[in-house]
Asks: 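Take a look at this one; I'll ask things after.
So that the names make sense, note that chain A is the first sequence line, chain B the second, and so on, each numbered from 1.
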Amino acid sequence: MTTFADLGIDQDIVDAIAAKGIIDAFPIQEQTIPLGLPGQDIIGQAKTGTGKTFGFGVPVVQRLGKDPEHGVKALIVVPTRELAVQVYEDIDLLTSNRSTSVVAIYGGKAYEGQIDQLKAGAQIVVGTPGRLIDLAGQRLLDLSNATEVVLDEADKMLDLGFLADIEKIFQKVPAVRHTQLFSATMPGPIVALARRFMSNPIHIRANDPDEGLTQANIKHLVYRAHSLDKDEVIARILQAEGRGKTVIFTRTKRAAQRLVDELGDRGFNVGGVHGDMGQEQRERSMAAFKAGKRDVLVATDVAARGIDVDDVTHVINHTIPDEDKTYLHRAGRTGRAGKTGIAVTFVDWEDLHKWALINRALEFGQPEPVETYSSSPHLFEDLNIPAGTKGRLTTAPKTQSVKMQRAPRPERAADAAAEQGSGDGTTRRRRRRRGGSGDKVGSTFTEGTTANESASSDAAPTVERDAEGAGTHDGKGGEHHDGKSAPQRRRRRRRSGGAAPAGA
DNA sequence: AAAAAAG
């Protein structure tokens with residue numbers, strides 16, 4: 001096994017990586033770092049969760065050297081704000097033993113802090129296109145010395161929605177530069193297009209050609225959702241034995257928010273990430289999920305790419321994605337860094353053709369989704385969901401989830417009081433459910449975080465939830481992205497029987 | 001057509 005120390009990397013960077021307990025290099029790192037260090041242009045392709053960020057990050061940091069000269073010399077462009085935060089943190093780690101300064105530049109946040117860091121002489125910029133172009137246009141970001149340029153999730157960055165912005169950005173950086181493009185997916189036409197921005201790039205595919213396109217560590221289960229109560233089945237999957245964290249993907253922002261509310265009402269410890277949420281809340285939600293304070297995240301495709309969270313054991317596609325690439329990236333939120341994971345996909349009647357496409361493109365060899373969960377018990381067997389109720393499912397939340405509910409948000413308590421006249425309507429219902437099969441379930445995750453939690457007593461989760469829930473920071477309503485109060489939303493949902501919004 | 005990305 002090749003280690004980072006074997007790859008010609010400066011000792012202080014090797015030490016910085018080792019401080020996180022990482023010694024061995026993944027194949028993509030082993031192959032791209034020795035080429036990136038001397039400045040070779042690279043198109044780097046490797047499966048999800050196999051270390052691409054260090055693959056481009058180590059050469060960027062090392063090539064800047066320890067030159068104390070201020071000013072932006074490296075630019076890393078990513079497609080989402082949360083990914084900007086994450087890549088910023090990874091690069092910041094690599095620079096922890098040298099003076100190189102890194103800044104994250106992305107929208108939805110106050111300009112001030114970002115501008116201050118630029119003025120203070122930040123040398124590496126990680127950012128999303130809109131804010132980068134915005135600040136460059138205001139002459140607050142000077143890219144004319146950025147001789148290191150990286151597009152992370154490069155195929156996405158060169159996709160129609162981003163291409164015009166990326167072209168603008170390439171006009172602002174030096175013509176003579178070191179350019180690296182990385183992604184798990186690099187369709188031929190995109191590679192051809194990418195060459196316009198590179199000089200004599202070498203295309204590295206760290207994938208074993210025999211392995212196919214998908215991560216071998218991920219098990220894919222696909223079910224027909226025809227006449228299926230998906231909320232109910234998803235609730236049941238969340239009770240799978242040995243479940244760690246779970247990411248649930250929806251097609252629309254509205255569907256994501258609805259599911260957050262629904263699973264929250266059922267007592268699960270759930271948060272969301274989607275574009276209708278305020279940026280502060282998006283980040284708080286991601287951080288809570290990464291830290292293990294929550295174990296369910298409902299997201300749109302904003303979280304499909306790049307997001308790296310430890311111990312995600314399940315990905316659930318509430319709605320099947322349109323593209324095979326998106327499927328692969330979504331599923332790739334689990335099975336990272338050599339761990340195993342399960343991807344469960346529900347295929348609605350009108351989406352059968354999408355599965356046909358994905359199945360063909362990714363060579364699954366399963367032309368039809370499994371009939372439905374009821375006519376095929378595989379789902380529960382494959383997922384280690386304790387045997388029990390057939391037909392209508394119970395939705396006993398996991399022990400951990402109930403624990404998190406023990407200090408209800410003020411908003412929720414007020415809600416219940418308003419509806420019941422006494423304060424404990426919802427809570428009592430949840431308590432009754434707790435006695436069932438839930439206790440045994442999810443012990444792996446439960447133990448880790450319970451210990452954590454009792455150490456910090458009730459304070460941490462409560463403060464966290466309060467801050468997110470009540471929207472006290474900006475007065476703009478926090479999680480009530482649609483401008484409705486929680487009681488309003490809940491009533492509306494009840495009337496519609498919990499079904500998906502009509503327009504979705 | 002949706003989601004993302006500037007405000």
Side-chain angles (χ1 to χ4, degrees), chain A residues 75-88 103-115 118 125-141 143 151-170 172 183 185 190 247-260 272-283 285-286 297-307 317-330 333 348 350-351 353-354 357-358 474 476 481-482 500-504:
Chain A
L75 174 66
I76 300 168
V77 191
V78 302
T80 66
R81 297 165 179 177
E82 283 71 24
L83 193 54
V85 171
Q86 178 183 298
V87 171
Y88 161 81
V103 61
I105 302 287
Y106 55 93
K109 256 202 131 115
Y111 285 84
E112 198 184 2
Q114 296 176 4
I115 294 169
L118 288 170
V125 168
V126 182
T128 49
R131 181 65 69 92
L132 288 171
I133 292 168
D134 183 356
L135 291 186
Q138 298 186 57
R139 312 257 157 171
L140 293 164
L141 169 63
L143 293 174
L151 301 188
D152 193 10
E153 306 296 342
D155 57 325
K156 181 71 175 174
M157 304 317 298
L158 296 172
D159 219 354
L160 240 45
F162 276 120
L163 183 57
D165 283 349
I166 294 303
E167 281 176 327
K168 273 184 210 154
I169 288 169
F170 272 120
K172 298 176 193 294
S183 181
T185 48
I190 297 285
V247 184
I248 306 172
F249 286 102
T250 62
R251 193 174 64 91
T252 64
K253 294 178 277 192
R254 286 187 66 188
Q257 188 58 46
R258 187 201 62 80
L259 198 54
V260 168
V273 193
H274 60 73
D276 276 350
M277 288 166 58
Q279 186 55 29
E280 199 168 333
Q281 198 206 348
R282 277 169 61 166
E283 281 174 44
S285 190
M286 276 303 314
L297 183 74
V298 183
T300 57
D301 283 326
V302 69
R305 283 175 176 258
I307 298 301
N317 288 315
H318 173 274
T319 328
I320 193 173
D322 294 342
E323 280 191 81
D324 54 310
K325 280 197 303 174
T326 311
Y327 179 93
L328 193 140
H329 285 280
R330 282 183 180 187
R333 295 320 96 206
D348 294 315
E350 65 271 25
D351 291 338
H353 66 285
K354 292 181 190 170
L357 180 145
I358 291 167
D474 51 8
K476 289 203 303 197
H481 68 289
D482 56 359

Asks: Which part of the nucleic acid, if any, lies within contact of A:D134, taking any heavy atom under 4.0 Å across all strands shown: a base, the sugar-phosphate backbone alone, or nothing?
Replies: base
Asks: Where the side chain of A:T252 is defined as all heavy atoms beyond and including C-beta, which of B:dA3, B:dA6, B:dA4 is the nearest nucleotide?
Replies: B:dA3
Asks: Could you give the NE2-to-P distance, from A:H353 to B:dA1, as a whole number of Å?
Replies: 13 Å
Asks: Is A:R251 paired with A:D351 through a side-chain N to carboxylate O contact shorter than 4.0 Å?
Replies: no
Asks: Take the protein atom CG of A:L141 and the nucleotide atom C1' of B:dA6, then report the distance between them rounded to whole Å.
Replies: 14 Å
Asks: In whole angstroms, how far is the P atom of B:dA6 from the CG atom of A:L140?
Replies: 15 Å
Asks: Just the rounded figure in Å: distance from P of B:dA4 to NZ of A:K325.
Replies: 17 Å
Asks: What's A:D165 touching, base or sugar-phosphate or nothing? Going by heavy atoms closer than 4.0 Å.
Replies: nothing
Asks: Using a 4.0 Å heavy-atom cut-off, does A:R305 contact any base of the nucleic acid, only the sugar-phosphate backbone, or nothing at all?
Replies: nothing
Asks: Between A:T128 and B:dA6, does any side-chain N or O lie under 4.0 Å from OP1 or OP2?
Replies: yes
Asks: Taking side chain to side chain donor-acceptor pair (under 3.5 Å) as the definition, give me every residue that meets it alongside A:Y327, ordered by chain and number, with sequence neighbours left out.
Replies: A:H220
Asks: Atom CD of A:Q114 to atom P of B:dA6: distance rounded to whole Å?
Replies: 9 Å
Asks: Out of B:dA6, B:dA2, B:dA5, which nucleotide sits closest to the side chain of A:F162?
Replies: B:dA5
Asks: Using OP1 and OP2 only, check whether a side-chain N or O of A:K253 sits under 4.0 Å from B:dA4.
Replies: yes
Asks: Once salt bridge (Lys or Arg N to Asp or Glu O under 4.0 Å) is applied, do any residues pair with A:R282, and if so which ones, sequence neighbours excluded?
Replies: A:E82
Asks: How many whole angstroms separate atom NZ of A:K156 from atom P of B:dA2?
Replies: 14 Å
Asks: Rounded off to whole Å, could you give me the CG-to-P distance for the A:L132 and B:dA5 pair?
Replies: 12 Å
Asks: Give one of base, sugar-phosphate or nothing for A:Y111, where a contact means two heavy atoms less than 4.0 Å apart.
Replies: sugar-phosphate
Asks: Is a salt bridge present between A:E283 and A:K109, judged by a nitrogen-to-oxygen distance below 4.0 Å?
Replies: yes
Asks: For the side chain of A:T80, counting heavy atoms from C-beta on, which of B:dA1, B:dA6, B:dA4 is nearest?
Replies: B:dA4
Asks: Tell me which one of A:I166, A:L163, A:V78, A:I169 satisfies side chain to side chain contact (heavy atoms under 4.5 Å, CB included) with A:M157.
Replies: A:I166
Asks: Using a 4.0 Å heavy-atom cut-off across all strands, classify A:G161 as base, sugar-phosphate, or nothing.
Replies: base
Asks: Measure the distance from CD on A:E82 to C1' on B:dA3 and round it to the nearest whole Å.
Replies: 13 Å
